[in-house]
Amino acid sequence: MRYWLMKAEPEELGIADLAALPSQTVGWYGVRNYQARNFMRDQMQIGDRVLFYHAGGKQPGVAGIVEVCSGAYPDPTQFDPSSPYYDPKSKPEAPRWQQVDVRFLKQTRYLSLNAMREAPELEGMLLLARGNRLSITPVEPSHWRAVMALLGETA
DNA sequence: GCCAACGTTGGC
DNA sequence: GCCAACGTTGGC
């Protein structure tokens, strides 16, 4: 099992929104970066644990834990002209973008990006690397355990 | 809203 | 295949 961090815009889909969905499951649509897509396509497996990260707000940070619950499959928004994620260059017979489904596990105490930067045990975490813009990053098991400790989670 | 850092595009 | 121009991300 691998560990990941996935960034979401809380105004579009926050952890509470995910928890409120009847299925508590959502397709992780909208990834338009090849490296992030390749992580989903080539490395993610059902059961992988994911830090759910709120990006773009006033106080970015980790807000919950979700799990991967499907393999990669074509992101439907790439074919929808009314979607902001529409990609006219992608054809249904050769889809360019993929998504996986993730399922809500829990909403955690909020762990701000600031607090993460100040935690020496998180040094080297990809999220914290200078200039990092990837919306999906792998998380080292040692960093995962350190984040769990900071969140007060025993898992 | 600014802008640093990074990714993508397309002309050559 | 290079690289300038442009676009995007996301913290601040």
Side-chain angles (χ1 to χ4, degrees), chain A residues 2-21 26-44 48-68 70 72-102 104-140 142-144 146-153:
Chain A
R2 288 189 164 98
Y3 299 108
W4 304 93
L5 180 143
M6 295 167 87
K7 297 177 181 175
E9 297 282 332
E11 288 171 11
E12 186 169 356
L13 181 84
I15 190 74
D17 301 315
L18 176 57
L21 291 176
V26 73
W28 202 263
Y29 62 91
V31 169
R32 294 295 178 270
N33 170 283
Y34 289 104
Q35 214 180 331
R37 179 204 65 184
N38 294 347
F39 284 142
M40 290 195 288
R41 188 189 62 191
D42 303 334
Q43 295 190 34
M44 274 190 187
D48 284 0
R49 296 295 165 100
V50 180
L51 298 172
F52 190 104
Y53 181 88
H54 283 179
K58 224 175 161 185
Q59 258 284 64
V62 171
I65 302 168
V66 301
E67 73 174 350
V68 176
S70 84
Y73 61 96
D75 175 347
T77 63
Q78 70 193 304
F79 306 124
D80 176 3
S82 69
S83 166
Y85 300 109
Y86 178 58
D87 181 353
K89 291 180 187 163
S90 184
K91 302 296 169 207
E93 61 273 21
R96 182 177 294 195
W97 306 112
Q98 308 257 109
Q99 64 183 23
V100 297
D101 292 342
V102 303
F104 174 82
L105 285 184
K106 72 182 302 180
Q107 185 161 3
T108 61
R109 175 170 99 70
Y110 201 74
L111 178 61
S112 73
L113 179 60
N114 268 345
M116 296 174 79
R117 286 197 189 286
E118 286 166 7
E121 62 270 34
L122 295 184
E123 197 181 333
M125 199 172 168
L126 274 178
L127 170 75
L128 307 179
R130 184 164 164 271
N132 164 59
R133 298 186 316 171
L134 265 183
S135 64
I136 300 176
T137 49
V139 174
E140 307 261 341
S142 63
H143 290 147
W144 178 272
V147 169
M148 289 305 112
L150 289 166
L151 289 171
E153 298 292 331

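Throughout, a chain's letter reflects where its sequence line sits, starting with A, and its residues are numbered from 1. If you're wondering where the values come from, they're calculated on a predicted model, not measured in any experiment.
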Any chance you could list the contact pattern along nucleotides 6-12 of chain B? Use B for base contacts, S for sugar-phosphate-only contacts and - for none, protein heavy atoms under 4.0 Å, 5' to 3'. BSSSS--

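Sorted by first then second residue, the salt bridge (charged side-chain N to carboxylate O under 4.0 Å, His left out) pairs that include residues 109-129 of chain A, not counting sequence neighbours, number zero.
In this structure, K7(A) reaches the sugar-phosphate backbone alone: every heavy-atom distance under 4.0 Å involves primed, P, OP1 or OP2 atoms, never a base.
With sequence neighbours left out, the ring-ring contact (aromatic ring centres under 6.0 Å, His included) criterion links Y3(A) to W144(A).
The two atoms that bring S83(A) and T77(A) nearest to each other are OG-CB, 3.5 Å, heavy atoms only.
With hydrogens and angles ignored, the 3.5 Å screen pairs no side-chain donor or acceptor of Y29(A) with any backbone N or O of Y85(A). Side-chain N or O atoms of H54(A) include one that pairs as donor or acceptor with a backbone N or O of I15(A) at under 3.5 Å.
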